[in-house]
Amino acid sequence: MQVRTRFAPSPTGYLHIGGARTALFSWLFARANGGSFVLRIEDTDKERSTQASVDAILEGMEWLGLDYDEGPFYQTQRFDRYNEVIQKLLDEGKAYRCYCSKEELEAMREEQVANKQRPQYDRRYRDFSGEPPAGVAAVIRFKNPLDGAVVIADQVLGQITISNEELDDLIIARSDGTPTYNLTVVVDDMDMNITHVIRGDDHINNTPRQINLIKALGGIPPIYAHAPMILGDDGKRMSKRHGAVSVSAYAEEGILREAMLNYLVRLGWSHGDQEMFSTAEMLALFKLTGINKSASTFDVDKLHWLNQQYLKEADANELADDLAKRLPEALQAAPREMLLQVVELQRERVKSLSEMAETSVLFFQDPTAYDPKPAKKFLGKASLPILTDLKERLAQLAHWQAEAIQGCIADYADEKGLKFGKVGPPVRIAVCGNANSPALDQTLTTIGQEAVVRRLNTAISYIENLVEPAS
RNA sequence: GUCCCCAUCGUCUAGUCGGCCUAGGACAUCGCCCUUUCACGGCGACAACAGGGGUUCGAAUCCCCUUGGGGAUGCCA
């Protein structure tokens with residue numbers, strides 16, 4: 001059997017973490033089994049669907065590298081087909097028109113809740129044959145079986161049984177004639193020959209309705225696999241409240257694609273104790289049975305850790321390209337060689353590319369201010385002779401290389417009977433503006449002799465102009 | 001309220017059909033080491049089988065109940 005999976009988002013927002021993981025699972029399962037992966041946009045809710053959301057979802061998928069073999073199909077372009085199916089159901093007596101208004105249904109629900117009954121449409125029009133009320137636009141409802149039960153053989157949750165008594169006659173076409181979700185999913189999954197439906201377990205409750213619908217249409221239900229939800233750090237369903245939940249926000253932050261995929265795949269799925277998975281490994285190891293049953297919580301710290309791991313391994317040229325783009329505009333023309341050096345110095349020190357860009361400005365631009373705390377400590381009158389002497393020596397260094405620079409500073413410290421810890425920090429603050437920069441010798445090497453000397457001069461005049469505090 | 005699902009460290013999880021689990025790994029946190037800073041790295045510490053009943057020679061693993069959490073209960077998907 002040719003495996004066919006699908007990802008079927010509704011375009012009512014960006015591609016969020018949960019959706020991305022569902023897509024990843026579907027994609028992995030299709031690819032791992034030599035099957036096809038279909039993308040379908042479920043845009044039947046015209047009120048909430050937007051083109052911007054479609055674009056955002058497509059972009060997110062592309063960034064993640066989740067390529068699809070067919071689609072994107074848009075449900076709004078398949079209304080003729082849905083109407084055909086609805087008509088067929090009507091003709092066969094498997095569906096009927098219901099003339100209840102939204103207000104009536106609302107009142108019915110309220111009364112049932114007040115009487116501690118389960119809210120359910122009372123099927124008053126199920127066998128109606130009289131004269132329909134005038135001026136009411138009907139909805140079309142599916143005649144759900146009245147007894148028996150639906151059994152779902154879920155690939156991750158196991159067997160789930162739901163009594164038909166719990167299910168009411170769901171609306172398959174709105175009063176304006178447009179089809180609703182449960183109908184369109186069923187028609188599409190059948191028409192597109194979907195064999196495995198992998199989706200979030202918030203859909204578990206829809207599954208028995210859909211199975212009943214499929215059976216009424218003479219189809220064979222696909223195999224279902226409901227992945228647990230991803231929750232925010234407060235245990236609630238992920239939403240904007242929890243900070244960045246869109247995949248593209250992480251792309252912007254400078255999370256590597258590989259890190260994102262790795263994080264996503266480990267959220268609710270595991271293979272023993274293994275933490276790191278390349279895409280190839282995921283494809284080789286992914287199985288639906290490895291998916292967890294319980295919901296998991298999104299943890300951005302672990303994502304960042306993973307990102308750092310991938311940053312260490314990433315291609316230097318690609319990182320340099322990205323770094324240049326993220327630098328302030330005036331600095332983007334920095335020499336390639338220098339960008340590559342900066343990447344090497346920074347890749348182990350940062351958790352994201354945006355952080356790398358922020359902390360790398362100092363290589364390309366003289367400090368515009370000194371970090372107050374370390375400046376107060378190391379850029380005082382006491383440092384003046386050190387900086388002045390070192391500036392002279394560094395300016396005369398014939399070979400501007402890390403080893404020579406290191407030797408120059410160390411020799412100076414030796415001669416003066418100073419510890420390196422007395423000499424290094426003032427130079428660091430003077431040149432970098434702050435106290436947390438990469439190894440001093442390599443940093444100076446990368447910044448370049450001319451700029452270093454210039455920066456030391458600036459720091460020297462800064463100190464000379466300091467108003468000596470009354471002591 | 002009703003229905004469905006879930007339940008191991010703060011978080012992600014390991015835990016092949018009950019014994020090798022005085023519960024392992026990773027992130028986070030905290031120490032120590034490395035180090036001119038910050039990181040990286042190394043070593044170590046802290047930290048969990050929700051509770052109660054069973055079944056069994058033996059249960060984190062099986063059953064039941066309770067509790068807790070999530071989802072659904074839409075002319076949203």
Side-chain angles (χ1 to χ4, degrees), chain A residues 8-12 42-45 47-49 75 98 100-102 105-106 109 112-120 137-141 152 154 157-158 160-163 165-168 170-176 178 180-182 184-185 199-208 226 228-229 231 233 235-237 263 266-276 292-306 308 312 345-351 359 374 378 406 409-410 413 419-425 427-429 432 434-441 443:
Chain A
S10 61
T12 55
E42 309 214 323
D43 54 354
T44 53
D45 183 352
E47 306 276 298
R48 300 196 304 155
S49 301
Q75 292 191 321
C98 164
C100 287
S101 68
K102 285 182 189 176
L105 291 170
E106 188 55 38
R109 257 194 295 274
Q112 287 164 333
V113 170
N115 294 334
K116 304 208 174 205
Q117 294 171 310
R118 80 173 144 251
Q120 201 175 43
V139 299
I140 297 170
R141 289 182 182 270
I152 309 165
D154 193 273
L157 261 16
I160 299 167
T161 305
I162 291 155
S163 166
E165 288 172 22
E166 299 298 329
L167 277 20
D168 61 7
L170 64 291
I171 293 172
I172 55 176
R174 303 182 178 91
S175 51
D176 67 0
T178 57
T180 60
Y181 166 73
N182 281 300
T184 58
V185 177
R199 56 174 22 163
D201 72 6
D202 49 333
H203 281 293
I204 265 273
N205 296 277
N206 290 320
T207 306
H226 287 94
M229 312 222 62
L231 309 175
D233 52 17
K236 302 282 186 216
R237 194 185 182 135
Y263 181 73
R266 277 289 282 111
L267 204 53
W269 176 84
S270 61
H271 181 260
D273 281 339
Q274 189 170 341
E275 296 288 349
M276 307 268 293
N292 255 264
K293 292 181 173 192
S294 51
S296 41
T297 306
F298 185 80
D299 178 18
V300 76
D301 283 333
K302 190 146 188 179
L303 206 212
H304 281 147
W305 174 77
L306 269 171
Q308 190 168 46
K312 289 198 274 194
L345 287 180
Q346 294 279 65
R347 65 195 313 168
E348 288 190 356
R349 310 167 49 78
V350 298
K351 297 197 176 323
T359 58
F378 293 112
Q406 176 65 26
I409 300 175
K419 292 201 164 167
F420 200 105
K422 208 73 182 162
V423 182
V427 176
R428 179 188 299 280
I429 315 301
C432 303
N434 66 57
N436 329 324
S437 36
L440 189 56
D441 53 348
T443 302

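A note on names: the letters A, B, ... follow the listed sequences, proteins ahead of strands, and every chain is numbered from 1. Keep in mind it's a predicted model, so treat the numbers as computed, not measured.
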Which of these nucleotides, B/C12, B/C40, B/A14, is closest to any side-chain atom of A/K302? B/C12

Can you tell me the Watson-Crick or wobble partner of B/U22, both distances under 3.5 angstrom? none

Take atom CD of A/E106 as the centre, draw a 6.0 Å sphere, and report whether it contains more than 12 heavy atoms from other residues, nucleotides or ligands. yes

Could you tell me how far B/U61 sits from B/G18 if I compare only their P atoms? Round to whole Å. 12 Å

What is the minimum heavy-atom distance between A/F378 and A/I429, and which atoms define it? CB-CG1, 4.1 Å

With a cut-off of less than 4.0 Å, is there a side-chain N or O of A/K312 near OP1 or OP2 of B/A39? no

For the pair made of CZ in A/R199 and C1' in B/A72, what is the distance, rounded to whole Å? 13 Å

Closer than 4.0 Å, any side-chain N/O of A/R109 to the OP1 or OP2 of B/G74? yes

What is the distance, to the nearest angstrom, from the CG atom on A/N115 to the P atom on B/U73? 21 Å

Write down the partner of B/A7 under the Watson-Crick or G-U wobble criteria, each distance required to be under 3.5 Å. B/U67

Touch class at under 4.0 angstrom, heavy-atom based, for A/C98 against every strand present: nothing

Just how far, in rounded Å, is C1' of B/G71 from CG of A/L231? 10 Å

Rounding to an integer number of angstrom, what distance separates B/G68 and B/G51 when you compare their C1' atoms? 10 Å

Watson-Crick or G-U wobble partner for B/C34, using a 3.5 Å limit on both distances? none

Under the 3.5 Å rule, do the base of B/A77 and the side chain of A/D202 count as making a donor-acceptor pair? no

Residues A/D45 and A/R48 bridged, charged N to O under 4.0 Å: yes

Does A/S437 reach a base, just sugar-phosphate, or nothing at all? Heavy atoms under 4.0 Å. base

For nucleotides B/C4 and B/C43, find the distance between their C1' atoms and express it as a whole number of Å. 48 Å

Given the C1' atoms of B/C21 and B/A60, what is the spacing between them in whole Å? 9 Å

Is A/E42 touching bases, backbone alone, or none of the nucleic acid, heavy atoms closer than 4.0 Å? sugar-phosphate

Taking atom C1' in both B/U66 and B/C6, what distance in whole Å separates the two? 16 Å

Want to settle it: does A/G268 or A/S10 sit nearer the 5' end of RNA chain B, counting the closest nucleotide to each? A/G268

If you look at every strand shown and take non-hydrogen atoms under 4.0 Å, does A/N206 touch a base, only sugar-phosphate, or nothing? base

Taking atom P of B/C76 as reference, at what distance in whole Å does atom CZ of A/R48 sit? 9 Å

Minimum-distance pair of heavy atoms, taken over all atoms of A/Q308 and A/K351: OE1-NZ, 3.5 Å

B/A28 -> Watson-Crick or G-U wobble partner, both distances under 3.5 Å, gives none

Find the partner of B/C75: check Watson-Crick (N1-N3 plus N6-O4 or O6-N4) and G-U wobble (N1-O2, O6-N3) distances, both under 3.5 Å, and reply none if neither fits. none

Can you tabulate the close N/O pairs, meaning under 3.5 Å, that link protein atoms to atoms of nucleotides 1-8 of chain B?
from: B/C3; atom 1: O4'; to: A/E166; atom 2: OE1; distance (Å): 3.3

Closest heavy-atom contact between A/A137 and A/S175? O-CB, 3.5 Å

In short, A/P438 meets A/R428 closest at the heavy-atom pair O-NH1, 3.0 Å

Between B/C40 and B/A48, how many Å separate the two C1' atoms, rounded to a whole number? 30 Å

Do A/T359 and A/Q346 get their side chains close enough for a donor-acceptor pair, meaning under 3.5 Å? yes

Classify A/S163 by what it touches in the nucleic acid, base, sugar-phosphate, or nothing, heavy-atom distance under 4.0 Å. nothing

Of A/G272 and A/N436, the one whose closest nucleotide on RNA chain B sits nearer the 5' end is A/G272

Is A/S296 close enough to B/C12 that one of its side-chain N or O atoms is under 4.0 Å from OP1 or OP2 there? no

Hey, is the side chain of A/T297 poking within less than 4.0 Å of OP1 or OP2 on B/C12, counting only N and O atoms? yes

What nucleotide among B/A28, B/A77, B/G25 has an atom nearest to a side-chain atom of A/W305? B/A28

B/A14 versus B/G24 - spacing of their P atoms, nearest Å: 15 Å

In whole angstroms, the gap separating P of B/A26 from CG of A/L303 amounts to 19 Å

Taking CD from A/Q406 and P from B/U37, how many angstroms apart are they, rounded to a whole number? 12 Å

In whole angstrom, give the distance that lies between atom CD1 of A/I152 and atom C1' of B/G71. 13 Å

Spacing between A/Q346 atom CD and B/A39 atom C1', to the nearest angstrom: 9 Å

Choosing from B/C27, B/U36, B/G25, which nucleotide comes nearest the side chain of A/D301? B/C27

With rounding to whole Å, what would you report as the distance between B/A26 and B/C46 at their C1' atoms? 16 Å

